[in-house]
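Structure first, commentary second.
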Amino acid sequence: MGVTVNLVNDADTIDTSKDNIVIVDVFASIRGGRSLDTTGFTPMVIKAGHVIIVETATGIHKPMPLDGGGTAYAALPAGHTYAGILIASILTKRPFAGILVQGTVNPAAAPFSMTSILAAVKTALPLIDFRQD
């Protein structure tokens, strides 16, 4: 069961009601999580199930970029690889991320359609089972 979290002394909210629907099982994650570079990422919240990428030259983790309208995933930027899937919704301005690397994800509940990238994500993240309920 998800909740809407109102942060103390802050007007921002995070609706976590779909977090446990998209992230079905967590068997392994990146130890300690990662702070994401959210430069150019315009939504106020990065929702659970969002694809996380890493810049290969620097090791910097980022949310997968979105198209110009913010309605779908854009192409994987050059010099980046898929790193995992965001476990819980977070504020873009406080991008402290738990990143799933082994478990089960319901792609039908993901915040953006994974259709165009799902085959590549499955290849890059073979320990994640993408299974629609």
At what distance, to the nearest 0.5 angstrom, does [atom1] of [X] lie from [atom2] of [Y]?
X      : Y      : atom1 : atom2 : value
Asp25  : Asn106 : CG    : CG    : 11.0 Å
Leu36  : His61  : CG    : NE2   : 8.0 Å
Thr104 : Phe27  : OG1   : CZ    : 5.0 Å

Mind listing the closest non-hydrogen atom pair of [X] and [Y] along with its distance?
X      : Y      : value
Ala120 : Tyr82  : CB-CE1, 3.8 Å
Phe112 : Gly70  : CE2-O, 3.3 Å
Gly49  : Pro111 : C-CD, 3.7 Å
Ser89  : Ile14  : CB-CG2, 3.5 Å
Pro107 : Gln132 : CD-N, 4.0 Å
Val45  : Thr92  : N-OG1, 3.6 Å

Would you check if the side chain of [X] reaches a backbone N or O of [Y] as a donor-acceptor pair within less than 3.5 Å?
X      : Y      : result
Thr123 : Ala119 : yes
Tyr73  : Thr115 : no
Arg34  : Arg31  : yes
Thr56  : Gly79  : yes

Does [X] share a hydrophobic cluster with [Y], counting links as ILVMFWY side-chain heavy atoms below 4.5 Å and allowing steps through other members?
X      : Y      : result
Ile85  : Ile21  : no
Val121 : Ile53  : yes
Ile23  : Leu91  : no
Leu125 : Leu76  : yes
Ile52  : Val101 : yes

Could you point out which residue of Ile30, Val26, Ile99 forms a side chain to side chain contact (heavy atoms under 4.5 Å, CB included) with Ile87?
-> Val26
Below 4.5 Å, heavy atoms only, C-beta onward: do [X] and [Y] meet side chain to side chain?
X      : Y      : result
Phe130 : Met114 : yes
Thr38  : Ile46  : yes
Leu100 : Ser29  : no
His80  : Met64  : no

Show your working on side chain to side chain contact (heavy atoms under 4.5 Å, CB included) between Val54 and Ile60 and close with a plain yes or no.
-> CA-CA 5 Å; Val54 62; Ile60 294 174; 5.9 Å; no
Give a yes or no on whether Lys47 atom NZ has more than 12 heavy-atom contacts from other residues, nucleotides or ligands under 6.0 Å away.
->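 12 or below, so no.
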Can you list the steps and then say if Asp129 with Val105 is a side chain to side chain contact (heavy atoms under 4.5 Å, CB included)?
-> CA-CA 6 Å; Asp129 180 21; Val105 172; over 6 Å; no
Please lay out, stage by stage, how His50 and Phe41 fare under the test side chain to side chain contact (heavy atoms under 4.5 Å, CB included).
-> CA-CA 12 Å; His50 196 97; Phe41 191 82; 3.7 Å; yes
